[in-house]
Asks: 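One structure coming up, written as structure tokens, with questions to follow.
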Amino acid sequence: MKIPVATTPPYDVEVGPGVRGRVAALVAATRPMARAAAVVTTAPLRHWPWSGVDTGLDQMVLEVPDGERAKSLAEVERLCEAFAEAGLSRDDVVVALGGGAVTDLAGFAAAVYLRGVSVVHVPTTLLAMVDASVGGKTGVNLRAGKNLVGAFHQPLGVLADTEVLATLPERERRSGLGEIAKCWLLEGRDSDAVIQADDETLIAVSLELKARLVARDEHELGARALLNYGHTLGHAVERLVLERDPDGLRHGEAVAVGIAFAVRVAARLGRVGDAVVDEHDRILAALGLRRWLPPGLSVDELMAYMARDKKARHDLRFVLPGPDGFELVAGIDADVVRAALATFAAESLGRGATGE
Ligand SMILES: NC(=O)c1ccc[n+]([C@@H]2O[C@H](COP(=O)([O-])OP(=O)(O)OC[C@H]3O[C@@H](n4cnc5c(N)ncnc54)[C@H](O)[C@@H]3O)[C@@H](O)[C@H]2O)c1
């Protein structure tokens, strides 16, 4: 299955079993002058039988640290030095093979090396397939925060191979499913459709939404904001849990909680009825996602975090469903959010650890 992304320049996301074998053909079709390729990946991934990628070129494999530790300026420098040492030219390509941390890092190194060389993304987590590898956002972290240095750099193409998902740990799978739940809700799909969908369909529907929004808003000036559905509370939950336990929660798990909360805020504001809340809960449950606040988070600290979230600016902003579909709603009374959160926290008591 191919999902076109109409950016400048445009490219396709190919989804399906075995598409990782298409790297050489993609590079030959889009960069006929390329002679060399740098495949960027992490050591743990190289153990898997699927990790060998043939670019059809003179290729080197560069290992970066696994997970978020890859996303530093030091790693960008290390990669660019390795590109230069190998004589990678502007005609050549970088291939990112891994989760979102690898595609973010390798994409950014490709964006800045020689002021821009081409990158092909071969995402290996669900989250990277539906989100990180598509849309052109690349970047690394600073001590001051995540993704504070980066660039827009659209890939030559994205090859999302559903076969590699067989080895993905359950936790990482749930993280991707949180973003998928968001996309299916934004697309207005119902819980029956979610229950029937296989991985390829779950990914493709999510990508169709992302591709459409990215094409309308390549540099994230407006329409892409809808993709923040579930992220206002989700970010707060994620950051506060991770401050206490670096392995406490994955991004998409926090988004699932944020989605369950956002629809409850929408209901409290009279924008949707209880049936919409129930349908949200059914979709989250169908994907095996927990929708309750993790234990130990207080309403006060969550409110304080949301108020200083960079996307909140001066008032509380949520992407919310309503009579005219989903929209970014600004200026929400903090008292309404606090009351909704107090109810949500009370409902969550004792349920955070096990879900349901
Ligand atoms: N650029 C964007 O638009 C965008 C969007 C969303 C997220 N992100 C970024 O993506 C990153 C998170 O990405 P992620 O969730 O993919 O995490 P990740 O890249 O850290 O990967 C998670 C873990 O899964 C392992 N893994 C990857 N594929 C596997 C497979 N097929 N089998 C077994 N193990 C596998 C990795 O080795 C790693 O340990 C964050 O840094 C986030 O900021 C970027």
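As the structure lists them, so they are numbered: ligands from 1, and atoms in each ligand from 1.
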Asks: Is the Phe344 ring parallel, tilted or perpendicular to the Phe261 ring (thresholds 30°, 60°)?
Replies: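 Taking Phe261 first and then Phe344, their aromatic rings sit tilted (interplane angle of 30° to 60°).
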Asks: Looking at Leu127, which atoms of ligand 1 are within less than 4.0 Å of one of its heavy atoms?
Replies: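 Counting atoms of ligand 1 from 1, those under 4.0 Å from Leu127 are 7 (C), 12 (C), 13 (O), 14 (P), 15 (O).
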Asks: Check Glu179 against ligand 1 and report side chain, backbone, both or neither, counting heavy atoms closer than 4.0 Å.
Replies: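 Near ligand 1, Glu179 shows nothing, with every heavy atom at 4.0 Å or more.
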Asks: Measure the distances from the heavy atoms of Gly150 to every atom of ligand 1 and state whether one is below 4.0 angstrom.
Replies: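 In this structure, Gly150 fails to qualify as a contact of ligand 1 - no heavy atom is under 4.0 Å.
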Asks: For ligand 1, is there an N or O atom under 3.5 Å from any N or O atom of Glu68?
Replies: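 For ligand 1, there is an N or O atom that lies under 3.5 Å from one belonging to Glu68.
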Asks: With heavy atoms only and a cut-off of under 4.0 Å, state how Leu45 meets ligand 1: side chain, backbone, both or neither.
Replies: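 It is the side chain that gets close, since no backbone atom is under 4.0 Å.
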Asks: One residue to check: Val134. Relative to ligand 1, which of side chain, backbone, both or neither has a non-hydrogen atom less than 4.0 Å away?
Replies: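 No part of Val134 comes within reach of ligand 1.
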Asks: Which residues satisfy the side-chain contact (heavy atoms from CB on, under 4.5 Å) test with Ala266, sequence neighbours excluded?
Replies: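 side-chain contact (heavy atoms from CB on, under 4.5 Å) check on Ala266 returns Arg271, Val272, Leu320, Pro321.
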Asks: Throw together a table of side-chain donor-acceptor distances under 3.5 angstrom for residues 125-136, partners on residues two or more places apart or in other chains.
Replies:
from, atom 1, to, atom 2, distance (Å)
Thr125, OG1, Ala128, N, 3.0
Asp131, OD1, Lys210, NZ, 2.7
Ser133, OG, Ala128, O, 2.7

Asks: Could you tell me whether some N/O pair between Ala101 and ligand 1 is separated by less than 3.5 angstrom?
Replies: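 Among all N and O atoms of Ala101, at least one is under 3.5 Å from an N or O of ligand 1.
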Asks: Under 3.5 Å between some N or O of ligand 1 and some N or O of Thr124?
Replies: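 Checking ligand 1 against Thr124, an N or O pair does fall under 3.5 Å apart.
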Asks: Would you check the N or O atoms of Val164, main chain and side chain alike, for any that come under 3.5 Å of an N or O of ligand 1?
Replies: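 Yes, there is a polar N/O contact under 3.5 Å.
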Asks: When you compare ligand 1 with Trp50, is there at least one nitrogen or oxygen pair between them that comes in under 3.5 angstrom?
Replies: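 Between Trp50 and ligand 1, no N or O pair is found under 3.5 Å apart.
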Asks: For atom CZ of Arg216, decide whether the heavy atoms of other residues, nucleotides or ligands shown that lie under 6.0 angstrom number more than 12.
Replies: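 Incorrect, the count does not exceed 12.
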Asks: Can an N or O of Leu165 be found at a distance shorter than 3.5 Å from an N or O of ligand 1?
Replies: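 N/O-N/O distance under 3.5 Å: no.
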Asks: Is Glu163 salt-bridged to Arg20, going by a charged N under 4.0 Å from an acidic O?
Replies: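 Judged by the 4.0 Å cut-off on N to carboxylate O distance, Glu163 and Arg20 do form a salt bridge.
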Asks: Atom 2 (C) of ligand 1: which of Ser51, Ala132, Ala128, Ala166 has the nearest heavy atom?
Replies: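 Among Ser51, Ala132, Ala128, Ala166, the closest heavy atom to atom 2 (C) of ligand 1 belongs to Ala132.
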Asks: If you measure from atom 17 (O) of ligand 1 to every heavy atom of His251, Arg250, His47, which option wins on shortest distance?
Replies: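 It is Arg250 whose heavy atom sits nearest to atom 17 (O) of ligand 1.
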Asks: I need the contact type for Leu168 against ligand 1. Using non-hydrogen atoms and a strict under-4.0 Å cut-off, is it side chain, backbone, both or neither?
Replies: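 For Leu168, the contact with ligand 1 is made by both the backbone and the side chain.
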Asks: Is ligand 1 under 4.0 Å from a heavy atom in the side chain of Lys137, in the backbone, in both, or in neither?
Replies: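 It is both backbone and side chain that touch ligand 1.
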Asks: Relative to ligand 1, is Lys146 under 4.0 angstrom through side chain, backbone, both or neither, heavy atoms considered?
Replies: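 It is the side chain that gets close, since no backbone atom is under 4.0 Å.
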Asks: Using a 4.0 Å cutoff against the non-hydrogen atoms of Lys71, which atoms of ligand 1 qualify?
Replies: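 Near Lys71, meaning under 4.0 Å from one of its heavy atoms, ligand 1 has 9 (C), 40 (C), 41 (O), 42 (C), 43 (O).
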Asks: With heavy atoms only and a cut-off of under 4.0 Å, state how Pro123 meets ligand 1: side chain, backbone, both or neither.
Replies: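 The answer is neither; Pro123 stays 4.0 Å or more away.
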Asks: Might you confirm whether atom CG of Asp245 has over 12 heavy atoms from other residues, nucleotides or ligands at distances under 6.0 Å?
Replies: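 Counting other residues, nucleotides and ligands, CG of Asp245 exceeds 12 neighbours.
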Asks: State yes or no: do Phe152 and Val149 share one hydrophobic cluster built from I, L, V, M, F, W and Y residues joined by side-chain heavy-atom distances below 4.5 Å, directly or via other members?
Replies: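 They do not share one cluster, since no chain of ILVMFWY contacts under 4.5 Å joins Phe152 to Val149.
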Asks: Donor-acceptor pair, Asp92 side chain versus Ala34 backbone, under 3.5 Å?
Replies: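 No; zero donor-acceptor contacts below 3.5 Å.
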